[in-house]
Amino acid sequence: QLKLVESGGGLVQPGGSLRLSCAASGFSLDEYAIGWFRRAPEKEREGVSCIASRSNSTYYADSVKGRFTVLRDNAKNTVYLEMNGLKPGDAAVYYCAADTDWGLIDVKPMCTDGWLLEVWGEGTLVTVSS
C-alpha cells in the first residue's frame, strides 16, 4: 500500500519556524515528484512547493518564496518543508502528495495545474498565532 504521512505541524508564533516531514511507505520517493499543498478554511487548495525527482526543478508559490525550502532525503524516504518567518496567513492544513516522475523538466505544473496526483497524505495542521 502506497502511503504518505505528514508530521511536524503545530502552533507557532508569527516569525517562528517549523519543519514538516512527509514520510513514504510502500514505495520509493526517489522515483516520484513531491508536492506540498495547503488548504486554509474557506480558501482553495494552494500548491506551496514542489520538487522533481530526476531534475533539479523546484517550485515555490510567490507567497512563500524566500521563506520556505523543500528538501529531499531519499535515504530516509522523506521530503521536508522547512518553513521560516511564518505568518498568520500560512496557517492551514498542509498535505504532501506524490506523483511518478517520468522526467519532469519543470515541476511547476504539478503545483499549479491541478494534476490528479497518485498519492496523498492526510495532512498536518499548522497554526500561526501569538
Side-chain angles (χ1 to χ4, degrees):
Q1 182 181 5
L2 309 184
K3 191 174 181 181
L4 293 172
V5 178
E6 302 94 337
S7 62
L11 172 64
V12 64
Q13 292 185 343
S17 298
L18 284 174
R19 187 177 78 162
L20 305 184
S21 299
C22 172
S25 60
F27 65 108
S28 177
L29 279 182
D30 63 3
E31 298 179 1
Y32 287 76
I34 304 298
W36 283 99
F37 299 82
R38 66 187 181 188
R39 175 164 273 162
E42 301 182 0
K43 291 188 177 180
E44 292 187 357
R45 189 182 72 194
E46 178 186 16
V48 174
S49 179
C50 288
I51 183 167
S53 172
R54 302 174 186 277
S55 71
N56 292 322
S57 180
T58 57
Y59 166 82
Y60 296 94
D62 287 343
S63 57
V64 306
K65 203 171 293 183
R67 300 187 296 122
F68 290 12
T69 304
V70 62
L71 301 165
R72 305 181 70 105
D73 187 337
N74 290 336
K76 294 184 178 180
N77 217 25
T78 301
V79 174
Y80 303 97
L81 184 68
E82 295 189 345
M83 307 188 297
N84 298 309
L86 283 161
K87 305 175 181 179
D90 294 317
V93 177
Y94 283 72
Y95 302 88
C96 63
D99 208 56
T100 302
D101 189 339
W102 299 105
L104 282 171
I105 302 300
D106 179 8
V107 76
K108 178 182 176 182
M110 180 180 180
C111 263
T112 61
D113 289 7
W115 288 3
L116 294 176
L117 304 178
E118 296 172 49
V119 189
W120 285 87
E122 295 191 353
T124 186
L125 178 64
V126 172
T127 304
V128 184
S129 175
S130 55

Report, one line per pair, each donor and acceptor closer than 3.5 Å where one atom sits in a side chain of residues 83-91; sequence neighbours left out.
from	atom 1	to	atom 2	distance (Å)
Asn84	OD1	Ser17	OG	2.8
Asp90	OD1	Arg38	NH1	2.9
Asp90	OD1	Arg67	NH2	3.0
Asp90	OD2	Arg67	NH1	2.7
Asp90	OD2	Arg67	NH2	3.3
Asp90	OD2	Lys87	N	2.8

Show every side chain to side chain donor-acceptor pair (under 3.5 Å) that has at least one partner inside residues 101-113, sequence neighbours left out.
none
Going by the salt bridge (Lys or Arg N to Asp or Glu O under 4.0 Å) test, which pairs reach into residues 70-79, not counting sequence neighbours?
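Matches after skipping sequence neighbours: none remain.
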With sequence neighbours left out, which residue pairs that include part of residues 6-29 fulfil the salt bridge (Lys or Arg N to Asp or Glu O under 4.0 Å) condition?
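Counting only pairs at least two positions apart or across chains, no salt bridge (Lys or Arg N to Asp or Glu O under 4.0 Å) contact touches residues 6-29.
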Pairs meeting criterion disulfide (SG to SG under 2.5 Å) with involvement of residues 32-85, two or more places apart
Cys50-Cys111
Nearest non-hydrogen partners of Val107 and Ala52, listed with the distance
CG2-N, 3.8 Å
Taking transitive links into account, so neighbours of neighbours count too, which hydrophobic residues share a cluster with Val5 at under 4.5 Å side-chain distance?
none
Contacts of type side chain to side chain donor-acceptor pair (under 3.5 Å), residue [X], not counting sequence neighbours:
X: Ser55; value: none
X: Lys43; value: none
X: Asn56; value: none

Check: residues 123-130 side-chain donor-acceptor pairs under 3.5 Å, at least two apart:
from	atom 1	to	atom 2	distance (Å)
Thr124	OG1	Gly9	N	3.1

Output the distance between atom OH (Tyr60) and atom OG1 (Thr69), rounded to the nearest 0.5 Å.
5.0 Å
What pairs meet the ring pair (Phe, Tyr, Trp, His ring centres under 6.0 Å) rule with one or both residues in residues 67-92, with sequence neighbours excluded?
none
Run the side-chain donor-acceptor check on residues 29-37: report pairs under 3.5 Å with partners two or more places apart or on a different chain.
from	atom 1	to	atom 2	distance (Å)
Asp30	OD1	Ser28	OG	2.6

